[in-house]
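Below is one structure, written out as structure tokens, with a few remarks after it.
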Amino acid sequence: MPELPEVEVVRAGLEPAVTGAFVADVEVLDERALTRHPGTPADFEGRLRGRTIAAAARRGKFLWLPLAPAGPESGDSAVVAHLGMSGQLLLREPGAPRERHERVRIAVEHPRHGELAVVFADQRTFGSLAMDALVPTPDAAAGGFGSADPRVPTQVAHIARDPLDPAFADRAFRATLGRKDSAVKRVLLDQTVVSGIGNIYADEALWAARIHPETRAGSLPTRAVNRLLAEVRAVLEKALAEGGTSFDAQYVNVNGQAGYFAHSLNAYGRTGEPCPRCGRPIARVSFTNRSSHFCPRCQRRSRGVAVDDGTPRV
DNA sequence: AACTAGCCCTGTTAGC
DNA sequence: TGCTAACAGGGCTAGT
């Protein structure tokens, strides 16, 4: 559930600590943390040990640490990280005690900050680390936030730019939405259309834009799409400014601290509580194996494409 | 080609 | 009290 704001908080925390740092040692404690790595744990350790980290970059929910070239034949690679639902990247003192669900520990030596441990911990093991090659972006713009390098890891190449990316193409996004026959919330969650949005911010943006989550994406008028995109950006930026959303101990920055955005949620997780706009209780419905939270009064289905879901129309 | 259901996983909580 | 079931859900794969 770390979404764009939470992952960006992690990236920003890592950036000063790892940029220019030398990887002194790598320990893989649980190989389930390497499900996206094509080789063995020993291969992962061997390919990372002795290298220097050049930056900390992010696109949507994907994070990567590009490595400085090790030599003319070394190729250009990066450590790719996805936090999944419960992954954490933590900065710890060297020799710090194991975290509760520690999976990988990377010991680094930074020219200014000295020795640090970068710890990957993950309770539910949906997250992963991998060594991956960098490939050019089709539009030649920076691959992600945090680096000007116009390349991304191969595992990120099919992921769309996120709405806060300066190279995000609004026009192409509107066109794609217009072609989609599936529910608008499903399209918002499709990382190949727009990245960085998960269940929390999808519900929040749809609430803010007053759009029913099951409205067919292709039926939305252009002005509704524009409103939605603006609200997506607003909610992501506000969450980022508040350090991200935390419901339990899983969503934390590199120091293990939680964000404050949970206090600002209007719909997500507020089933039965009054809509902050109109007072009607927030509804919760099961939708593509997830929960959707919305206001039945403020968020009506679009005219002409409605399917009766039992919601009274006034 | 476009779209969707199912699967992976574990700690917490609700219900009986 | 102790057990079981539901729930949290991102991204990939296989299926229609």
Side-chain angles (χ1 to χ4, degrees), chain A residues 1-8 10 29-38 58-64 80-89 98-104 120-130 132 152-162 175-206 213-219 232 236 239 244-252 258-259 261-262 265 267-272 284-293 305 307:
Chain A
M1 192 155 34
E3 306 179 28
L4 186 155
E6 292 76 33
V7 180
E8 176 54 26
V10 171
L29 304 162
D30 187 332
E31 64 178 285
R32 290 179 301 174
L34 300 184
T35 50
R36 298 173 71 97
H37 180 72
R58 179 195 55 76
R59 174 185 290 197
K61 307 172 194 172
F62 279 86
L63 191 61
W64 67 94
V80 186
H82 196 291
L83 301 178
M85 282 198 57
S86 54
Q88 304 173 333
L89 281 166
R98 295 287 184 211
E99 294 296 322
R100 181 142 155 72
H101 298 286
E102 184 163 333
R103 310 295 186 196
V104 179
F120 179 67
D122 188 11
Q123 173 199 103
R124 273 161 272 187
T125 71
F126 278 20
S128 66
L129 303 184
D132 198 6
V152 290
T154 60
Q155 295 184 14
V156 182
H158 70 291
I159 299 295
R161 291 186 178 277
D162 62 63
T176 302
L177 237 64
R179 286 193 300 268
K180 292 283 184 181
D181 194 34
S182 41
V184 61
K185 179 170 174 183
R186 185 187 286 276
V187 180
L188 281 182
L189 295 175
D190 183 345
Q191 305 296 302
T192 68
V193 175
V194 53
S195 68
I197 305 168
N199 207 40
I200 297 174
Y201 299 115
D203 280 359
E204 289 301 302
L206 288 165
E214 293 176 54
T215 308
R216 302 296 103 183
S219 75
V232 162
L236 292 178
T245 302
S246 298
F247 293 99
D248 55 38
Q250 303 306 320
Y251 317 117
V252 296
F261 190 73
L265 295 174
Y268 183 86
R270 300 190 67 244
T271 311
R284 173 183 172 276
V285 297
S286 188
F287 173 65
T288 62
N289 282 339
R290 278 140 188 76
S291 292
S292 280
H293 310 76
V305 294
V307 177

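In what follows, every chain begins at residue 1, and chains take the letters A, B, ... in the order their sequences are listed.
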[X] side-chain proximity, nearest of [options]:
X: K180(A); options: dC3(B), dT4(B), dG10(C); value: dC3(B)
X: T125(A); options: dC9(B), dA5(B), dA8(C); value: dC9(B)
X: R100(A); options: dG11(B), dT4(B), dG10(C); value: dG11(B)
X: R284(A); options: dA5(B), dC3(B), dC7(C); value: dC7(C)
X: D181(A); options: dG11(B), dC3(B), dC9(B); value: dC3(B)

Rounded to whole angstroms, how far apart are [atom1] on [X] and [atom2] on [N]?
X: L83(A); N: dA8(C); atom1: CG; atom2: P; result: 20 Å
X: Q123(A); N: dC8(B); atom1: CD; atom2: C1'; result: 14 Å
X: K185(A); N: dT4(B); atom1: NZ; atom2: P; result: 14 Å
X: F126(A); N: dC8(B); atom1: CZ; atom2: P; result: 9 Å
X: L63(A); N: dG10(C); atom1: CG; atom2: P; result: 17 Å
X: R186(A); N: dG6(B); atom1: CZ; atom2: P; result: 12 Å
X: E31(A); N: dC9(B); atom1: CD; atom2: P; result: 12 Å
X: R124(A); N: dC9(B); atom1: CZ; atom2: P; result: 14 Å

Just to confirm, is there a sub-4.0 Å distance from OP1 or OP2 of [N] to any side-chain nitrogen or oxygen of [X]?
X: R103(A); N: dT10(B); answer: no
X: S86(A); N: dC9(B); answer: no
X: R32(A); N: dT10(B); answer: yes

Between A130(A) and Q155(A), what is the shortest heavy-atom contact and its length?
-> CB-NE2, 3.8 Å

Where I197(A) and L189(A) come nearest, the two heavy atoms and their spacing =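 Nearest pair, atom of I197(A) first, then L189(A): O-CD2, 3.7 Å.
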
At under 4.0 Å between heavy atoms, what does T35(A) touch on the DNA or RNA strands: base, sugar-phosphate, or nothing?
->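 Touches nothing.
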
Taking atom types as modelled, find out whether K61(A) and S195(A) have a side-chain donor-acceptor pair closer than 3.5 angstrom.
-> no

To the nearest 0.5 Å, what is the distance between [atom1] on [X] and [atom2] on [Y]?
X: E3(A); Y: L83(A); atom1: CD; atom2: CG; result: 12.0 Å
X: E8(A); Y: L236(A); atom1: CD; atom2: CG; result: 11.0 Å
X: L206(A); Y: H293(A); atom1: CG; atom2: NE2; result: 13.0 Å

Do the side chain of R103(A) and the main chain of R32(A) share a donor and acceptor less than 3.5 angstrom apart?
->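 Not at all, since once roles are kept as given, no pair shorter than 3.5 Å links the two residues.
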
Test applied, side-chain contact (heavy atoms from CB on, under 4.5 Å); reference residue, S128(A); option that passes from D122(A), V104(A), T35(A) =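 Exactly one candidate clears the test, T35(A).
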
What's touching nucleotides 11-13 of chain C from the protein side, N or O pairs under 3.5 Å?
| from | atom 1 | to | atom 2 | distance (Å) |
| --- | --- | --- | --- | --- |
| dG11(C) | OP1 | H82(A) | NE2 | 2.4 |
| dG11(C) | OP2 | K61(A) | NZ | 3.4 |
| dG11(C) | O3' | R36(A) | NH1 | 3.4 |
| dC12(C) | OP1 | R36(A) | NH1 | 3.0 |
| dC12(C) | OP1 | R36(A) | NH2 | 2.7 |
| dC12(C) | OP2 | H158(A) | NE2 | 3.2 |

Using salt bridge (charged side-chain N to carboxylate O under 4.0 Å, His left out) as the criterion, list what pairs up with E99(A), not counting sequence neighbours.
-> R92(A)

Salt-bridge criterion met for R58(A) and D162(A) (N-O under 4.0 Å) = yes

Rounded to 10 degrees, the angle between the two terminal axes of the helix from dA2(B)-dT16(C) to dC16(B)-dG2(C), each from five pairs = 60°

